[in-house]
Amino acid sequence: MSEVRVRIAPSPSGNLHIGTARTALFNYLFAKKNNGKFILRIEDTDAERTSQEYVDNIFDSLKALGLNWDEGPDVGGEYGPYTQSQRFDIYPKYIQKLLDEGFAYECFCTPEELEAEKEEASRNKKAYVYSKKCENLTEEEKAKLRAEGRKPAIRFNVAKAQKAFHDSSILEFDDLVKGKLHMDTNLIGDFVIMKSNGTPTYNYAVVIDDALMKISHVIRGEDHISNTYKQILIFEALGFEVPRFGHLGMILAPDRSKLSKRHGATAVSDFVEQGYLTEALVNFVALLGWSPSDGQEIKTIDEIAADFRINEISSSNSIFEYDKLKWMNSHYIKMLPKEVLREKLKKYLTKYDLSELTEEQYNRMIDITYEPLTLLSDITDAVAYFFGGDKVEIDEKAQAELETDLSQDVLKSFVEQAEGWEWTEENLHEKLEVFRGKFKEEKGYKPKFTMWAIRAAVTGRLCGADMVVTLAIIGKENSLKRAKAAIKTAMV
RNA sequence: AGCGGUAUCGUCUAGUGGUUAGGACGGGAGAUUCUCAUUCUCCAAACAGGGGUUCAAUUCCCCUUACCGCCGCCA
């Protein structure tokens with residue numbers, strides 16, 4: 001087999017969508033597994049809808065995910081340029097060839113005429129197929145139309161191409177993931193390959209680019225299946241080698257609709273912004289359709305690549321379940337090297353004055369708070385009570401707890417005794433153990449409630465990080481002030 | 001409407017012509033812990049329906065149903 005060359009060809013009309021990211025990932029995995037090349041091509045033929053901002057976002061997102069490309073707009077390559085808008089001089093040449101050989105013809109139909117055809121089709125409850133009205137226009141007729149100021153679009157002659165290369169009207173191809181797929185080409189209308197403004201359409205540009213870039217396998221979403229028949233015909237008409245195709249099931253939102261903004265994050269950069277790790281994103285998205293042969297779901301991108309077989313991909317759609325992604329994200333957070341984690345978290349702590357803490361205290365704080373995080377951004381709330389000096393916001397549940405006699409009893413003793421304690425983690429650990437042990441013995445207070453009183457007063461909450469370390473970080477003075485404050489307010 | 005695709009726990013999936021149909025997330029119960037979380041143990045949960053073929057069908061074939069996609073001078 002000749003060299004494996006696959007590509008991802010996003011259109012920069014938005015930030016890189018998670019679905020596109022999955023398609024990119026599968027292409028990347030396929031390339032890696034087969035020692036092939038992974039190519040990035042930007043499809044920006046529609047100048048209206050595309051922007052540089054989105055191109056940058058696509059680059060950044062792909063890189064963040066670790067999907068590095070071998071050839072592309074920025075790194076170049078043998079078959080560039082890799083941005084369609086820079087390839088506009090390439091497309092007309094092949095159009096001319098198609099025209100000369102009768103595989104394409106000029107169409108002078110106006111939007112109104114076309115609209116009328118479509119309306120009639122829907123009135124008769126029939127599928128719309130272009131009437132081929134312009135197929136056999138004479139030179140005189142064309143000249144006349146041109147004189148009227150009409151600019152022709154170029155249409156591909158489907159039936160002609162089909163007859164030239166196939167015995168029947170049925171076109172078949174062997175899909176890498178779905179197996180044999182077929183379609184009656186009589187149902188495909190002669191489609192436009194060059195717009196009247198001289199720019200190529202998607203179906204045409206894709207073929208030229210894939211052929212010229214020597215793409216061997218086209219792996220993409222199943223929404224492209226029907227385009228595939230058109231594209232195969234163009235490949236054949238132009239005498240290009242037809243690549244192999246593989247169509248992936250779609251990713252759906254939990255309500256089975258298209259994954260859109262209202263379901264939460266959809267762009268890779270949104271996920272990252274919200275505190276998802278790209279490692280988790282890659283791992284999770286790979287599991288949508290693909291499954292590891294050893295049953296071990298947590299895997300690096302390299303491990304997945306080694307185990308990847310395109311024909312074993314599930315060909316059905318899959319639902320994007322945020323729960324599992326979150327679980328996976330929390331797992332990856334725990335796996336992160338501490339230094340890396342501490343740095344990443346700073347981005348979500350900008351509302352606090354980190355200078356209140358020494359570096360050691362900051363590190364300790366992260367050590368005891370990172371475990372329950374599902375998103376990096378959860379850290380913002382998780383460490384709130386470490387800041388604010390001698391004051392802390394008390395939430396409802398903590399307030400209720402503070403008002404119990406037990407809590408007041410505990411706090412009074414705590415404030416009294418702790419005054420004399422040496423405020424180190426080691427010592428606090430020891431002292432508190434004795435402290436709650438005594439309460440248990442003398443008054444039957446469960447350790448849980450003894451600690452809750454202190455926790456509620458000092459952190460304003462009932463759940464949070466390790467109490468000993470928390471006290472040590474907040475410091476003796478502030479901890480005791482907070483504890484005293486809790487006693488006073490409860491007594492008023 | 002037409003054409004194409006898909007169908008195993010709620011979700012992602014494994015799997016087989018004969019299995020107690022397996023795992024993961026989520027859910028439930030319990031243990032551990034100063035709380036939350038973690039960790040551990042256990043539990044509930046699926047072969048869409050109907051016909052065939054066969055000694056035997058979740059597995060192969062057909063039909064139905066449901067869902068998804070496509071029918072642009074968008075990509």
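We name chains A, B, ... by the order of the sequence lines, and we start the count at 1 in each one. These numbers come from a predicted model, not from an experiment.
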Could you list, one pair per line, each protein nitrogen or oxygen that sits under 3.5 Å from a nitrogen or oxygen of nucleotides 39-47 of chain B, together with the distance?
none

According to a strict under-4.0 Å criterion, is T45(A) in side-chain N/O contact with OP1 or OP2 of rA75(B)?
-> yes
| query | Looking only at atom P, what distance separates rU35(B) and rA31(B), rounded to whole Å? | reply | 12 Å
| Base, sugar-phosphate alone, or nothing: which one does D466(A) contact when heavy atoms must sit under 4.0 Å apart? | base
Practice problem: Respond yes when some side-chain nitrogen or oxygen of K118(A) is under 4.0 Å from OP1 or OP2 of rC73(B), and no when none is. | Solution: yes
- [ ] Pick the C1' atom in rA66(B) and in rC60(B), then give their distance to the nearest Å.
- [x] 23 Å
- Item | Separation of the P atoms in rU20(B) and rC25(B), to the nearest angstrom | 26 Å
Q. Can you tell me if the side-chain N/O atoms of K195(A) get under 4.0 Å from OP1 or OP2 in rC74(B)?
A. yes
Does rC3(B) have OP1 or OP2 sitting under 4.0 Å from an N or O in the side chain of K125(A)? no
Tell me whether the rings of H224(A) and Y202(A) are parallel (<30°), tilted (30 to 60°) or perpendicular (>60°).
tilted
- Item | salt_bridge(E113(A), K133(A)) N-O dist < 4.0 Å | yes
Assign each of F108(A) and E371(A) the nucleotide of RNA chain B bearing its closest heavy atom; nearer the 5' end lies the nucleotide of E371(A)
*Ion pair check, R244(A) and D175(A), cut-off under 4.0 Å*: no
- Taking atom C1' in both rG69(B) and rA75(B), what distance in whole Å separates the two? 15 Å
Against the side chain of P447(A), the closest entry in rC34(B), rC36(B), rA75(B) is rC34(B)
Going 5' to 3' through nucleotides 7-13 of chain B and flagging B where a protein heavy-atom sits under 4.0 Å of the base, S where only the sugar-phosphate is that close, and - otherwise, we get ----SSS
Which of Y94(A), Y105(A), F191(A) passes ring-ring contact (aromatic ring centres under 6.0 Å, His included) with F156(A)? It is F191(A)
Between CE of M451(A) and P of rU35(B) the distance, given in whole Å, is 9 Å
Rounded to whole Å, the CE-P distance (M250(A) to rC70(B)) equals 7 Å
Exercise. Taking NZ, NE, NH1 and NH2 as the nitrogens, is one of them in D381(A) or R461(A) under 4.0 Å from a carboxylate oxygen of the other?
Worked result: yes
* **Integer angstrom distance from the C1' of rG22(B) to that of rU58(B)** => 14 Å
Between CG of D294(A) and P of rA24(B) the distance, given in whole Å, is 13 Å
When both distances are under 3.5 Å in a Watson-Crick or G-U wobble arrangement, the nucleotide paired with rC3(B) is rG69(B)
Whole-Å distance, F88(A) CZ to rC73(B) P, equals 17 Å
| query | Strictly by modelled atom types, are S11(A) and E43(A) linked by a side-chain donor-acceptor pair under 3.5 Å? | reply | no
To the nearest angstrom, the OH-C1' distance between Y204(A) and rC73(B) comes to 15 Å
Checklist line | Test: D209(A) and R7(A) ion pair at under 4.0 Å | finding: no
Taking the C1' atom in each of rG4(B) and rG52(B), what is the distance between them to the nearest angstrom?
26 Å
If pairing means Watson-Crick or G-U wobble with both distances under 3.5 Å, then the partner of rA48(B) is rU64(B)
task: Tell me what L181(A) touches on the nucleic acid: a base, only sugar-phosphate, or nothing, going by heavy atoms under 4.0 Å.
output: sugar-phosphate
With no angle test and no hydrogens, is the base of rC73(B) tied to the side chain of S196(A) by a donor-acceptor pair under 3.5 Å? yes
L259(A) atom CG is separated from rG69(B) atom P, nearest whole Å, by 12 Å
Pick base, sugar-phosphate or nothing for H224(A), based on heavy-atom distances below 4.0 Å to the nucleic acid. base
Where does the angle between the aromatic ring planes of F320(A) and F271(A) fall among parallel (under 30°), tilted (30 to 60°) and perpendicular (over 60°)?
tilted
Report task. Under 4.0 Å between any heavy atoms, over every strand shown, what does N227(A) touch: base, sugar-phosphate, or nothing? Just pick one. Result -> base
When I8(A), I313(A), L248(A) are each screened for side chain to side chain contact (heavy atoms under 4.5 Å, CB included) with I219(A), the one that passes is L248(A)
Closest to the side chain of K178(A), out of rU35(B), rA75(B), rG5(B), is rG5(B)
P spacing across the pair rU64(B) / rG27(B), given as an integer number of angstrom:
40 Å
Tightest non-hydrogen contact, residues A453(A) and L402(A), listed as O-CD2, 3.8 Å
rA31(B) -> Watson-Crick or G-U wobble partner, both distances under 3.5 Å, gives rU39(B)
query: Would you call K178(A) and E222(A) a salt bridge, using N to O less than 4.0 angstrom?
result: yes
*asked:* Check whether Y130(A) forms a cation-pi arrangement with R155(A) (NZ or CZ under 6.0 Å from the six-membered ring centre, at most 45° off the ring normal).
replied: yes
*For nucleotides rU19(B) and rC47(B), find the distance between their C1' atoms and express it as a whole number of Å.*
13 Å
In Watson-Crick or G-U wobble terms, with both distances under 3.5 Å, the base opposite rC74(B) is none
Q | Sugar-phosphate, base or nothing in reach of M183(A), heavy atoms under 4.0 Å | A | sugar-phosphate
Which part of the nucleic acid, if any, lies within reach of R49(A) when heavy atoms closer than 4.0 Å are counted: base, sugar-phosphate only, or nothing?
base
In whole angstroms, the gap separating C1' of rA75(B) from CD1 of I8(A) amounts to 12 Å
When both distances are under 3.5 Å in a Watson-Crick or G-U wobble arrangement, the nucleotide paired with rA57(B) is none
- Query: Less than 4.0 Å between a side-chain N and a carboxylate O, is that true for D44(A) and R87(A)?
  - Reply: no
Worksheet item: How is A465(A) classified with respect to the nucleic acid when contacts are heavy atoms under 4.0 Å: base, sugar-phosphate, or nothing?
Response: base
The Watson-Crick or G-U wobble partner of rG10(B), with both key distances under 3.5 Å, is rC25(B)
By nearest-nucleotide position on RNA chain B, the 5'-leaning member of N203(A) and A127(A) is A127(A)
R436(A) side-chain N/O to rC34(B) phosphate OP1/OP2 under 4.0 Å: yes
I154(A) CD1 to rG72(B) C1', in whole Å, measures 17 Å
